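Read through the structure below, which is laid out as structure tokens, and then see the notes.
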Amino acid sequence: MGWSIGYDPRWKRDIGYGVPAFCDQPGCDEEIDRGLGFKCDDEECGCGKFYCEAHLYDTRPHTHAAPPKREHPSWAEHVLTDESWARWRAENPEGVAYMGTQRGGRADG
Ligand SMILES: [Zn+2]
Ligand SMILES: [Zn+2]
């Protein structure tokens, strides 16, 4: 059934069904995950991005431009606080700073 968490070097972000995310269609705030079930695997399209059900199957609006750069607040929170990401945090200060901006309104913790 694919990977739970991985890394997409093309769009430089975390992917997998363990990664909560928003639809890659600009302007769509539908919550999905970056698992295979939401990935565009249309060979002619080849965008490799992740979409909600409403935007996944009609590939005409898909582009090969970089997806909107944003992360789901739950994912940012996980990356910034979970033990399993401690080493990543130590090695990626820029990533930590970026995730901090994606965390949403729950930064007080
Ligand atoms: Zn596509
Ligand atoms: Zn959508």
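Every value quoted in this text rests on a predicted model; they were computed, and no experiment measured them. One-based numbering, in listed order, for ligands and for the atoms of each.
For His62 atom ND1 and Cys40 atom SG, the angle they make at the Zn ion (ligand 1) is roughly 110°, to 10 degrees. The SG atom of Cys23 and the SG atom of Cys28 subtend an angle of 110° at the Zn ion (ligand 2), given to the nearest 10 degrees.
Cation-pi geometry between Lys69 and Tyr98 is satisfied (NZ or CZ under 6.0 Å from the ring centre, within 45° of the ring normal).
Take the N/O/S atoms of His55: the one nearest the Zn ion (ligand 2) is ND1.
Note: Tyr57 OH to Cys45 SG = 13.5 Å, rounded to the nearest 0.5 Å.
A salt bridge does not link Arg10 to Asp8: none of the charged side-chain nitrogens sits closer than 4.0 Å to a carboxylate oxygen. Using a 4.0 Å cut-off between charged side-chain N and carboxylate O, Asp24 and Arg13 make a salt bridge.
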